[in-house]
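Note that this is a predicted model, so its numbers are computed, not measured. Throughout, numbering of the chain's residues begins at 1 and tracks the sequence.
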Amino acid sequence: MHLSPDQLVYWHHGIFKINGTMVVTWVLMLVLVIGSKLVTRRITTGMERSRSQNFLELIVSAIENQIREVGLKHPRTYLSFLGTLFLFIAGSCLCTLIPGVEPPTGSLSTTIALALCVFFAVPIFGIKEQGIIGYLKTYAEPTAIMIPFHLISELSRTVALSVRLFGNMMSGSMIVAVLIMIAPLIFPLFMIALGLLTGMVQAYIFTTLAAVYIAAATQAHSPQTKHDAA
């Protein structure tokens with residue numbers, strides 16, 4: 001049993017290597033890209049729609065509604081980023097259904113990369129919404145003394161995002177593996193279903209937290225927010 005897909009090394013030469021995390025990540029990205037092309041190539045606006053289009057619209061509508069409930073008034077602006085996060089993490093969870101394949105989110109390097117995407121996306125969306133001056137002012141609220149504390153908060157929540165996702169995904173995979181070894185005829189299907197449910201929940205939590213951070217960066221100091229508060 002491997003603690004991380006990073007330990008599955010398929011090719012190594014000097015300091016360069018290709019491990020299980022990289023291979024599954026590349027394959028998953030390829031599946032998502034090709035799948036999106038296949039699903040969207042015949043999209044129609046009429047009453048007659050394919051099952052794949054109905055399923056796609058259901059997923060998009062659910063993600064949009066969740067983004068709107070967090071407080072972002074224009075969910076389409078953030079749909080591509082947050083939707084991609086959710087689909088990638090959810091797809092990683094589904095990889096556990098394939099025998100011998102470990103999810104890339106079971107690697108700390110992957111979860112750190114995902115958390116860094118959120119780390120950089122927050123100021124990008126914040127500056128786009130408020131301008132660079134308006135966004136930087138949020139670090140001085142309520143006084144300039146709070147600037148280092150806000151910076152520490154940005155870094156700590158990035159670490160928390162990556163470690164939370166990594167810990168939950170790795171522990172879930174380990175529990176399933178141990179129970180299958182103990183009772184291979186009783187627990188497998190039940191534990192696999194439980195692992196999938198846990199993975200989907202983690203995908204939902206990670207995406208929702210990313211949306212919350214973006215909402216905080218885009219709405220603070222905005223004129224509309226001040227008007228609503230008044």
* Side chain Q130, main chain T138, donor-acceptor under 3.5 Å -> no
* Can you tell me if NE2 on H13 sees more than 12 non-hydrogen neighbours from other groups inside 6.0 Å? -> no
* To do: Drop me the distance from F81's CZ to I214's CD1, to the nearest 0.5 angstrom.
  => 5.5 Å
* To do: Could you check F149, Y139, Y213 and say which one makes a side-chain contact (heavy atoms from CB on, under 4.5 Å) with E154?
  => Y139
* **Spacing of I147 atom CD1 and L136 atom CG [to the nearest 0.5 Å]** => 9.0 Å
* Dump the intermediate steps for side chain to side chain contact (heavy atoms under 4.5 Å, CB included) on M29 and T25, then the final yes or no. => CA-CA 6 Å; M29 290 190 297; T25 299; 4.1 Å; yes
* **L116-V159 co-clustered via ILVMFWY side chain contacts under 4.5 Å** => no
* Asked: So, for I63 and L79, which heavy atoms are closest and what is the spacing to 0.1 Å?
  -> CG2-CD1, 3.6 Å
* **Gap separating the CE atom of M146 from the CD1 atom of I152, nearest 0.5 angstrom** => 10.0 Å
* Just wondering, are more than 12 heavy atoms of other shown residues or ligands nearer than 6.0 Å to NE2 in H74? -> no
* Asked: Where is the tightest heavy-atom contact between C95 and V24, given as atom of each residue plus distance?
  -> SG-CG1, 3.9 Å
* Structure fact -> Nearest heavy-atom approach of L72 to A211 is CD1-O, 3.9 Å
* To do: Evaluate side chain to side chain contact (heavy atoms under 4.5 Å, CB included) for Q66 paired with Y204, printing each intermediate quantity in order.
  => CA-CA 10 Å; Q66 184 59 40; Y204 170 80; 3.3 Å; yes
* What is the minimum heavy-atom distance between S107 and T21, and which atoms define it? -> CB-OG1, 3.4 Å
* Cation-pi check, R164 to F206: give yes when NZ or CZ is under 6.0 Å from the six-membered ring centre and within 45° of the ring axis, no otherwise. => no
* Asked: Heavy atoms, side chains only, cut-off 4.5 Å: are K128 and T77 in contact?
  -> yes
* I would like to know whether V27 and M22 meet side chain to side chain contact (heavy atoms under 4.5 Å, CB included); could you show each step before the answer? => CA-CA 9 Å; V27 172; M22 297 171 65; over 6 Å; no
* To do: For residues L85 and A210, report the shortest heavy-atom separation together with the two atoms involved.
  => CD1-CB, 4.1 Å
* Treating Ile, Leu, Val, Met, Phe, Trp and Tyr as nodes and any side-chain heavy-atom pair under 4.5 angstrom as an edge, say whether L114 and V163 lie in one connected cluster. => no
* Asked: Between the side chains of Y135 and E129, is a donor N or O closer than 3.5 angstrom to an acceptor N or O?
  -> no
* Asked: Going hydrophobic residue to hydrophobic residue with side-chain gaps under 4.5 angstrom, can you get from W26 over to W11?
  -> yes
* Asked: With a cut-off of 6.0 Å (strictly less than), are more than 12 heavy atoms of other residues, nucleotides or ligands near CD1 of I145?
  -> no
* Asked: Heavy-atom distance under 4.5 Å between the side chains of I67 and K73, does that happen here?
  -> no
* Asked: Under a single-linkage definition using a 4.5 Å side-chain heavy-atom cutoff for Ile, Leu, Val, Met, Phe, Trp and Tyr, are I59 and L28 assigned to the same hydrophobic cluster?
  -> yes
* ILVMFWY cluster, L151 and I124 together (side-chain gap under 4.5 Å) -> no
* To do: Measure the spacing between OG1 of T84 and CD1 of I89 and express it to the nearest 0.5 Å.
  => 11.0 Å
* Asked: Do V118 and T158 pass the side chain to side chain contact (heavy atoms under 4.5 Å, CB included) test, and can you show the C-alpha distance, the side-chain angles, and the key distance before you say yes or no?
  -> CA-CA 8 Å; V118 177; T158 301; over 6 Å; no
* Structure fact -> Here the gap from S61 atom OG to R68 atom CZ, rounded to the nearest 0.5 Å, amounts to 9.0 Å
* Asked: About how many Å separate OG1 of T218 and CD1 of I127, when rounded to the nearest 0.5 Å?
  -> 12.5 Å
* Asked: When you measure from the side chain of S162 to the backbone N and O of I112, does any donor-acceptor pair fall under 3.5 Å?
  -> no
* To do: Please report the shortest heavy-atom distance between V122 and A217, naming the atom on each side.
  => CG1-CB, 3.5 Å
* Asked: Are Y78 and F125 near enough that their ring centres are under 6.0 Å apart?
  -> yes
* To do: Return yes when atom CD1 of I18 has more than 12 non-hydrogen atoms of other residues, nucleotides or ligands closer than 6.0 Å, and no otherwise.
  => yes
